[in-house]
Amino acid sequence: GLDMKGESIWLGQFIHLILLDFSAIAHKRNDVDRAERYSLRAKALKETLNTIGWDGDYYLGATKDNGEKIGSKENSEGSVWLNPQTWAIIGQVSDPARSEKIMDVVEQKLEKKIGPLLLYPAYKTPDKNVGYLTRYSPGMRENGGVYTHGATWAVIAAAMLGRGETAFRLYSKLNPIVRGKSADKYYAEPYVTSGNIEGPDSKYYGRGGWTWYTGSAAWLFKVGLEWILGVRATEDGLLI
């Protein structure tokens with residue numbers, strides 16, 4: 001929102017994980033007061049996110065300046081968002097039952113032949129209180145397309161739940177080599193990562209764009225190495 005009063009549910013989930021991680025670091029440094037303070041803040045935040053951030057079947061995306069919901073079943077456009085579902089799992093906010101439920105939502109409502117969409121359905125009406133993404137054409141980039149950076153987090157969430165087949169399927173759909181096999185639809189180079197792939201509300205459904213986009217390329221490499229192959233660095237050494 002332009003008045004900076006809106007709040008983000010998924011960033012709350014992100015902060016929850018940061019608080020947990022820094023609490024653990026503080027404990028190892030014998031900074032007990034800080035560790036306890038962060039732990040208590042995380043606990044309170046988790047409770048809040050699971051109360052006001054829950055929309056009945058999945059997590060909201062955010063609120064506008066006036067408190068109106070974004071990414072809710074009450075919305076006709078952008079009624080479900082990807083990041084609040086994946087980060088509820090990654091950020092250790094959702095309990096096991098909810099985690100399975102929201103991953104089902106990702107697979108059933110957001111996963112398409114090109115991968116998991118950032119939100120669905122796309123916005124067809126610009127909304128200054130949601131932001132610039134509503135001014136993209138429907139299905140393009142953040143507006144109902146695959147936004148590769150966010151889509152890679154769905155791979156992590158699926159892997160964390162033990163849904164190996166889902167994780168590999170999502171990863172494969174994002175893989176530019178796989179997408180490039182349909183060159184007449186994908187358009188983009190098959191040897192670099194697309195920052196985005198246009199979604200079903202676009203007349204160019206399946207077209208890749210913003211290639212050579214290092215942020216999403218790094219995340220695609222990271223999730224492939226750490227969560228598909230399963231080799232990742234941890235505080236205690238290399239986990240295989």
Side-chain angles (χ1 to χ4, degrees), residues 10 58 78-90 99-100 102-123 133 136-233 239-240:
W10 89 263
Y58 50 84
S79 60
V80 56
W81 288 53
L82 178 64
N83 289 351
Q85 318 321 321
T86 57
W87 272 91
I89 297 166
I90 297 169
S99 295
E100 297 291 346
I102 57 180
M103 200 65 213
D104 287 343
V105 169
V106 171
E107 292 188 50
Q108 294 164 13
K109 294 182 179 291
L110 292 170
E111 183 185 350
K112 307 297 179 185
K113 65 182 181 181
I114 56 171
L117 307 178
L118 193 64
L119 59 87
Y120 189 78
Y123 288 91
L133 72 85
Y136 280 123
S137 297
M140 181 180 283
R141 287 178 61 72
E142 292 103 322
N143 190 13
V146 166
Y147 196 71
T148 309
H149 192 149
T152 60
W153 293 333
V155 177
I156 298 176
M160 289 179 75
L161 293 181
R163 298 193 184 193
E165 294 298 326
T166 298
F168 185 66
R169 186 179 69 248
L170 294 175
Y171 179 81
S172 297
K173 288 181 175 183
L174 300 174
N175 188 335
I177 297 173
V178 175
R179 293 265 58 83
K181 291 180 179 179
S182 302
D184 57 330
K185 294 182 179 179
Y186 186 56
Y187 287 86
E189 307 95 321
Y191 45 82
V192 287
T193 304
S194 288
N196 60 275
I197 306 169
E198 297 199 33
D201 290 321
S202 169
K203 65 179 180 179
Y204 300 109
Y205 185 23
R207 180 175 68 175
W210 286 62
T211 52
W212 303 96
Y213 201 34
T214 55
S216 54
W219 272 103
L220 190 62
F221 176 79
K222 181 179 175 70
V223 300
L225 178 64
E226 297 186 359
W227 295 95
I228 299 297
L229 294 179
V231 180
R232 57 185 178 269
L239 176 67
I240 301 177

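Note that the structure is predicted; figures quoted are calculated from it, not measured.
- Between Trp219 and Ile156, the closest side-chain pair of non-hydrogen atoms falls below 4.5 Å.
- The closest side-chain heavy-atom distance from Leu161 to Glu100 is below 4.5 Å.
- In terms of heavy atoms, Trp153 sits closest to Ile90 at O-CD1, 3.6 Å.
- If you check the side chains of Ser137 and Tyr204, you find no donor sitting under 3.5 Å from an acceptor.
- Here the side chain of Ser182 pairs no donor or acceptor atom with the backbone of Arg179 at under 3.5 angstrom.
- Using a 4.5 Å heavy-atom cutoff, the side chains of Leu133 and Leu119 are in contact.
- Within 6.0 Å of OH on Tyr205 lie more than 12 heavy atoms contributed by other residues, nucleotides or ligands.
- A salt bridge does not link Lys203 to Glu198: none of the charged nitrogens lies less than 4.0 Å from a carboxylate oxygen.
- Closest non-hydrogen pair, Val192 versus Thr211, comes out as CG2-CB, 3.8 Å.
- Between Ile102 and Pro84 there is no side-chain heavy-atom pair separated by less than 4.5 Å.
- Distance alone, capped at 3.5 Å, places no donor-acceptor pair between the Asn143 side chain and the Ala122 backbone.
- By the 4.5 Å heavy-atom criterion applied to side chains, Met140 and Arg207 are counted as neighbours.
- Under the 3.5 Å distance criterion, the side-chain polar atoms of Asn83 are left unmatched by any main-chain donor or acceptor of Trp10.
- In plain terms, the two heavy atoms of Ala154 and Pro116 that are nearest each other are CB-CG, 4.0 Å.
- Classified by interplanar angle (parallel below 30°, tilted 30° to 60°, perpendicular above 60°), the ring pair Trp212/Tyr191 is perpendicular.
- With a 4.5 Å cut-off on side-chain heavy atoms, Tyr186 and Ile197 count as touching.
- When atom types are taken as modelled, the side chain of Thr148 and the backbone of Ser194 share a donor-acceptor pair closer than 3.5 angstrom.
- By the 4.5 Å heavy-atom criterion applied to side chains, Lys109 and Tyr120 are not counted as neighbours.
- Heavy-atom minimum distance, Leu229 versus Leu225: CB-O, 3.3 Å.
- For Lys112, the NZ atom sits in a packed shell: over 12 heavy atoms of surrounding residues, nucleotides or ligands are nearer than 6.0 Å.
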